[in-house]
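A short worksheet on the structure shown next.
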Amino acid sequence: MGEKELTKFFEEYLQTKPLFKNKKALQSQYMPKTIPHREKEIDKVAGILAPILRTERPSNLFIYGKTGTGKSLVVQHVTTTINEIAIKNKLPIKIFYLNCKLKRIADTEYRLVAQLSREFGQEVPTTGLPTDEIYKLFINQVEKEKLLLILVLDEIDQLVSKVGDEILYNLIRLNTELKKSEISIIGISNDLMFTNYLDPRVRSSLSEEELVFPPYNAIQLKEILEHRAKSAFNENVLEEGVIEKCSAYAAREHGDARRALELLRVAGEITERKGLEKVRIKDLDEAESKIERDRVLDVIQSQPKQSQIALYSILKSHSNVKEDAPIFTGDIYELYKELCFKTKIRPLTQRRISDIIAELDMLGIITAKVISKGRYGRTRQICLAIPDSTIIKVNDILKEGLNI
DNA sequence: GTCAATTCACATGAAAGAGACCACGGTCTAGTG
DNA sequence: CTAGACCGTGGTCTCTTTCATGTGAATTGACGA
């Protein structure tokens, strides 16, 4: 593009009427003022937490629900309201929201408590202190002022599956150590079976109250999308049926509102880039595959080098082998060792590669099924789980990243 | 032909190690008054 | 005398290795019909 064309391009860009009025309304952090179809849940959460306004400790609460069913949204909605009231009436209430999935912030016991202390304004080293030391720091902070504390732990299943359930036990036990203050815990989990893995003592005290968020159905999704689209898009830029298709798509995937919104947003972005005036139904498919491709590429690029080599081995043997012929762990490991030799990287043991393959499976890049070949042993049967068009891109990225 | 034992090629678990971070306290050094 | 540089120690955290145990069906081989 020459300079003139570039100017022209920008001129034209400025000329075209923008599709979006407020794109933020479609992003996942957006907090809408009203939350359709969650009135009952809001009432319940509010009811459970209300005693805190009379300076009584509310029950611990446990919330289940699949992704994109509005759990975090509802809790944040209620807690921010409480916070406002507390500030207005000068009540000694503090509410902390922590997402346990956030890497390097709250994904281990130490980091979680450190983060809590930080919220109190206490400077805490990111590492280096013994864990009980950090607990002491935190307790001191809390005890300085008489407080009622609500601790919202989002995606708590992630945390527990990583570090075990002692952390919850410790948190619950904090109450007995605190003299002036009191803590309630709100746990939010995507995994419905989560509490089954917990120590019974922890389970009973953690889920004094329980709440399940059902998935949205297609009709509800449609209303949510309409509601948000109204503030996100300008008038008349959505073709008839776009919202319906988005909601149908998300309803298929266990009623995940977040995905529906993302789909709508990406479709809008694609339309904008194409310079079209209206979001068309047929662009939704493109949006869908773009979302998927971006996700895959993102995941792969954030993988450590060793996983990338392992994945590259899988890609390579996938292209070597005839259509749909199964690939086994042993083959991958041989190829992997060869690649390591070529690139002068120290190869990992088969044990580790086995785990890495399982991890790639978890990420949805491959599917690996454990099968038994009878006399010929037990192994994983590995297939790629990404479309061909993406495979090529993945291949390029890996090649570049690994200098092969 | 039937049935239990065998066998393969890994899967899966547990525990411990390596190495990168980091804080803290003590010691050393150079600069200052 | 003091601020800053420089250790050693002890802690966390992530990624790995080592060692040990588990596993499911094809294959084998003994057995009886």
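The chains referred to below are lettered A, B, ... by the order of the sequence lines, with proteins before strands, and numbering in each begins at 1.
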> How close or far is atom C1' of C:dT14 from atom CD of A:Q303, stated in whole angstroms?
Replying inline: 14 Å
> Once the angle between the rings of A:H37 and A:Y216 is folded into 0 to 90°, is it parallel (under 30°), tilted (30 to 60°) or perpendicular (over 60°)?
Replying inline: perpendicular
> Atom CG of A:D331 and atom P of B:dA9: how far apart are they, to the nearest Å?
Replying inline: 12 Å
>> Taking the nucleotide of DNA chain B with the nearest heavy atom to each, does A:T329 or A:G377 sit closer to the 5' end?
In response: A:G377
> How many Å lie between CD1 on A:I357 and P on B:dT12, as a whole number?
Replying inline: 11 Å
> Which whole-number value in Å describes the distance from A:I382 CD1 to B:dA9 C1'?
Replying inline: 13 Å
>> In this structure, how many angstroms lie between the C1' atom of B:dC10 and the CD1 atom of A:I356, rounded?
In response: 16 Å
> Among A:K274, A:K278, A:R273, A:K290, which one satisfies salt bridge (charged side-chain N to carboxylate O under 4.0 Å, His left out) with A:D283?
Replying inline: A:K274
> Given C:dT17, is OP1 or OP2 found less than 4.0 Å from the side-chain N or O atoms of A:T349?
Replying inline: yes
> Tell me: CG of A:D355 to P of B:dC10, nearest whole Å?
Replying inline: 15 Å
> Nearest of B:dA11, C:dT14, C:dT17 to any side-chain atom of A:L348?
Replying inline: C:dT17
> In whole Å, what is the span from the CZ atom of A:R378 to the P atom of C:dT27?
Replying inline: 17 Å
> Which nucleotide sits closest to the side chain of A:Y110: B:dG13, B:dA11, C:dC13?
Replying inline: C:dC13
> Can you check whether A:T379 has a side-chain N or O nearer than 4.0 Å to OP1 or OP2 of B:dA9?
Replying inline: no
> Think A:R111 has a side-chain N or O under 4.0 angstrom from the OP1 or OP2 of C:dT14?
Replying inline: yes
> Looking only at side-chain N and O atoms, does A:R351 come under 4.0 Å of OP1 or OP2 in C:dT16?
Replying inline: no
>> Using only atom types and a distance under 3.5 Å, with no angle test, would you say the side chain of A:Q308 pairs donor to acceptor with the backbone of A:Q303?
In response: yes
> For the side chain of A:Y376, counting heavy atoms from C-beta on, which of C:dA26, C:dT18, B:dA11 is nearest?
Replying inline: C:dA26
>> Taking donor-acceptor contacts at under 3.5 Å, does the side chain of A:R375 reach the base of C:dG24?
In response: no
> Does A:R352 make a side-chain donor-acceptor contact with the base of C:dT16, cut-off 3.5 Å?
Replying inline: no
> Are A:S354 and B:dA11 close enough that a side-chain N or O sits under 4.0 Å from OP1 or OP2?
Replying inline: yes
> Hey, do the aromatic rings of A:F233 and A:F20 have their centres closer than 6.0 Å?
Replying inline: yes
> Is there any ring pair (Phe, Tyr, Trp, His ring centres under 6.0 Å) pair reaching into residues 78-97 of chain A, and which pairs are they, with sequence neighbours excluded?
Replying inline: A:F96-A:F120
>> Can you measure A:I327 atom CD1 to B:dC10 atom P for me and round it to whole angstrom units?
In response: 14 Å
